[in-house]
Protein chains: 2
Amino acid sequence: MAATIRDVATAAGVSQSTVSRALSMPDLVNPATRARVLAAARRLGYQPNRAARGLITGRTGNLGLIVPDLSNPFFSSVVKGVQAAARAADYSLFIADTDEEATAEVELLLALTRQVDGIVLCSPRTPDAELARVGVESAVVLMNRRIEGRPSVTVDNADGMRQAVEHLAALGHERIAYVAGPRTSWSNGQREQGLHRSAEDTGTDLVHLGHFPPRFEGGVAAADLALASGATAVIAYNDVVALGLLSRLGARGVSVPDQISVLGCDDISMSAMTHPALTTVSIPKREAGRAGVALLLSLLADTAAAAEGAPAPHRELHAQLIVRATTGVAPHPDRRTAGGHSTKGTTR
Amino acid sequence: MAATIRDVATAAGVSQSTVSRALSMPDLVNPATRARVLAAARRLGYQPNRAARGLITGRTGNLGLIVPDLSNPFFSSVVKGVQAAARAADYSLFIADTDEEATAEVELLLALTRQVDGIVLCSPRTPDAELARVGVESAVVLMNRRIEGRPSVTVDNADGMRQAVEHLAALGHERIAYVAGPRTSWSNGQREQGLHRSAEDTGTDLVHLGHFPPRFEGGVAAADLALASGATAVIAYNDVVALGLLSRLGARGVSVPDQISVLGCDDISMSAMTHPALTTVSIPKREAGRAGVALLLSLLADTAAAAEGAPAPHRELHAQLIVRATTGVAPHPDRRTAGGHSTKGTTR
DNA sequence: AATCGGTTTGCAAAGGATTGCAACATCCCG
DNA sequence: CGGGATGTTGCAATCCTTTGCAAACCGATT
């Protein structure tokens, strides 16, 4: 069927080795010969057989990506970044979705490892200890999760939250509710810490509202709690949750931002388009994806350095508050109603 | 590093061939031997090298999936269905996103074909003629696109639209606008045809509003045209567009469904959660994904039949109207304002 | 005891590309 | 003109599995 390297060799009147070299180590063959080989290869539509190459090089030319939920717009953006970077480097990409199930992560990791050179593990929900225990042959880059001694790409969530809190404080808000995401989310932990510190620094009250699934319905469920908490502003774990909040608030006839301000995180594309448009802490999703692949490729390039216990590379991206229309000056104090438990400047 | 079949053979005291057979053609080896082999394999953590196997069998054990836009919730649901089915059949899945660019489709198709046994091509934007010209070695199943002689999975869009129009007609609507999706979308064409016919059958006016990108902003842009058209109900190409419509209508202070009814298509998860919840034509997305893989696998199972010009298998799924809160009885005639061009019972 | 049918097993040949090593050619310098 | 350095090319081994074919083995029949 498909042309093999032998066919090209015959057509060009050289040996297989010369063809191989002409294609992958161009400066080792005579320019004239190379031209002949390239011409023959093109004419025959030759494309090296990946399996055969992989067999001898031990490399697959594939990368893997594991995400908690493809239908979460945050992750689909990350996927796009990973995809673009992988394609640019001539790698193919296996994508797997764990449906937010922690057990599936390890399973997929093990299943994938044999077929890829490296894996980007995005926002893993598996506990540190267990994750550390899993030994995989392929290089693994963590995303949105920091574990000592492991390469990773993260976002400065704490700083993002600081920007958010300072913005709200400047608008006169003195009591802010946080709608927490999954307990197993590292990013959520980082955000809580950042909020905690910033609340202390700015002298604002922080109300912590339970853990909610990072989906629209999570926000819907949290809205009533947020209202009852007496907070004049709500920061949501992510934009999807924030949209859920807005929806429920709208349904209850609560005006945003006049009666309550809402602030999201991630900056998914829909956030800019709702009415009113959502104020949010923007995270460079595509960039994170690209950075993850870049890190992975650098790891693959010198496995030597990796084995030698060079410090695990780490890349931290910046988060940026984007002020749109769901945040405004705090309503006059006597408009607020009390309720919800709170502690001055603490997360719980 | 990893154990090879030789290691297992040595450990079990048999030849490589016996190991191979014990694992993949169990009834060809003596039960006692098989047990010994299996034990050794497990002990050594042996897993066959996919590249080596692929080299000789000519199969990769991989499937490919090409979709226009991963961040469109419709497609991420399809992806989940495909993913689940592929995993269940012990295939790995390459996923590629074309960013709604038709040229990328053929490119990806060609790049992927060498590394997979089969490809699900979802909602391709490439014209029929060009698509027919591309010869790929791997089996290809079309999804949301019907081309004579090619295996495909589709949804009965026309029937879905019929349900939508009949629902609106029953509510007293006499003038319905359709916000069209991409010109290159086959589904969009099917929906237009279905609408056309149903409009004639029910004797309602149909206003065709240009082609819009199948995204939120498409709906935002279309909303003003819809209002100006004098229609009392709008059917959107898909839910995302419908959400855009709702957003803009809300911003303009138009009440849904009192002043105008809105109807989407796809039934993405967010549609059930907006306020008011979106009436929509539900499409079995996951099921479509599963069906695509099933078709692909059946094709792979008997390539003989395929070569013999057996009729290309086709599977058509049913669409189902889900009435929620964005459709209501038509406003009293004199409330309406004229405008927009229309033709009784036609699509253009 | 030789033969036969049926299982079970091993040998060895693919499959397509990469790569260490050796061979050869060429050229410069002494 | 010989020797060494440099630049090109080919040979052949290697990666790990699968599989056609033949050998070995078994009990049973003639």
Side-chain angles (χ1 to χ4, degrees), chain A residues 1-41 44-62 90 92 113-117 137-138 300 303, chain B residues 1-41 44-62 90 92 113-117 137 300:
Chain A
M1 288 290 110
T4 79
I5 203 171
R6 289 186 67 109
D7 302 331
V8 179
T10 314
V14 295
S15 75
Q16 303 177 31
S17 3
T18 304
V19 175
S20 174
R21 280 189 278 252
L23 293 169
S24 47
M25 342 169 72
D27 25 314
L28 280 192
V29 327
N30 185 306
T33 327
R34 189 194 325 155
R36 229 168 53 239
V37 171
L38 259 43
L44 294 164
Y46 170 73
Q47 277 189 281
N49 179 319
R50 289 230 181 193
R53 170 181 290 173
L55 189 53
I56 190 159
T57 61
R59 299 202 149 192
T60 60
N62 300 331
D90 203 31
S92 297
T113 187
R114 306 264 320 163
Q115 322 182 41
V116 301
D117 299 331
E137 302 169 46
S138 9
L300 294 177
T303 44
Chain B
M1 288 291 111
T4 80
I5 203 172
R6 290 184 68 109
D7 303 330
V8 180
T10 314
V14 295
S15 76
Q16 304 176 31
S17 2
T18 305
V19 175
S20 175
R21 280 188 278 251
L23 293 169
S24 49
M25 340 169 72
D27 24 314
L28 280 192
V29 327
N30 185 306
T33 329
R34 189 195 325 156
R36 230 167 55 238
V37 170
L38 259 42
L44 294 165
Y46 170 73
Q47 279 189 280
N49 178 319
R50 288 230 183 192
R53 170 181 291 173
L55 188 53
I56 190 159
T57 61
R59 299 202 148 193
T60 61
N62 300 331
D90 203 32
S92 297
T113 187
R114 307 264 318 163
Q115 321 181 41
V116 300
D117 299 331
E137 303 169 47
L300 294 177

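Atoms considered below: every heavy atom in the structure, side chains included; atoms not considered: hydrogens, waters and symmetry mates. Please read these numbers as outputs of a predicted model, since none were measured by experiment.
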Visitor: To the nearest 10 degrees, what angle separates the axes at the start and end of the helix from C:dA1-D:dT30 to C:dG30-D:dC1, five pairs each?
Guide: 70°
Visitor: Tell me which residues in residues 12-19 of chain B put a heavy atom below 4.0 Å from DNA chain D, sorted by number, or none.
Guide: B:Q16, B:S17
Visitor: Quick one, which residues of residues 44-55 of chain A touch DNA chain D with a heavy atom under 4.0 Å?
Guide: A:L55
Visitor: Using side-chain contact (heavy atoms from CB on, under 4.5 Å), reason through B:V14 and B:V37 one step at a time and then give a plain yes or no.
Guide: CA-CA 8 Å; B:V14 295; B:V37 170; 4.0 Å; yes
Visitor: Among all residues two or more places apart in sequence or in another chain, which pass the side chain to side chain contact (heavy atoms under 4.5 Å, CB included) test with B:A52?
Guide: A:L55, B:N49
Visitor: With sequence neighbours left out, what residues match B:T4 under side chain to side chain donor-acceptor pair (under 3.5 Å)?
Guide: none
Visitor: Only pairs under 3.5 Å count here: list side-chain donor-acceptor contacts from residues 17-27 of chain A, not counting sequence neighbours, and write none if there are none.
Guide:
from, atom 1, to, atom 2, distance (Å)
A:S17, OG, A:S15, OG, 3.1
A:T18, OG1, A:S15, OG, 3.3
A:S24, OG, A:S20, O, 2.8

Visitor: Do any of residues 20-30 of chain A sit with a heavy atom less than 4.0 Å from DNA chain C, and if so which?
Guide: A:S20, A:R21
Visitor: In chain order, what residues pass the salt bridge (Lys or Arg N to Asp or Glu O under 4.0 Å) check against A:R114, with sequence neighbours excluded?
Guide: A:E137
Visitor: Which atom names give the shortest non-hydrogen contact between B:A11 and B:L44, and what distance separates them?
Guide: CB-CD1, 4.0 Å
Visitor: Residues in side chain to side chain contact (heavy atoms under 4.5 Å, CB included) with A:Q115, at least two apart?
Guide: A:F94, B:R50, B:N62, B:S92
Visitor: A:G54 and B:A51: which non-hydrogen atoms are nearest, and at how many Å?
Guide: C-CB, 4.5 Å
Visitor: Partners of A:T10 by side chain to side chain donor-acceptor pair (under 3.5 Å), sequence neighbours excluded?
Guide: none
Visitor: Rounded to the nearest 0.5 Å, how far apart are CD1 of B:I5 and CD of B:Q47?
Guide: 13.0 Å
Visitor: Indicate whether OP1 or OP2 belonging to C:dT8 is found under 4.0 Å from a side-chain N or O atom of B:T33.
Guide: no
Visitor: Could you work out, with side chain to side chain donor-acceptor pair (under 3.5 Å) as the rule, every residue matching B:D117, not counting sequence neighbours?
Guide: B:T60
Visitor: Hey, where on DNA chain D does chain A first and last touch, going 5' to 3'? Cut-off is any atom under 4.0 Å from a heavy atom.
Guide: D:dT8 to D:dC16
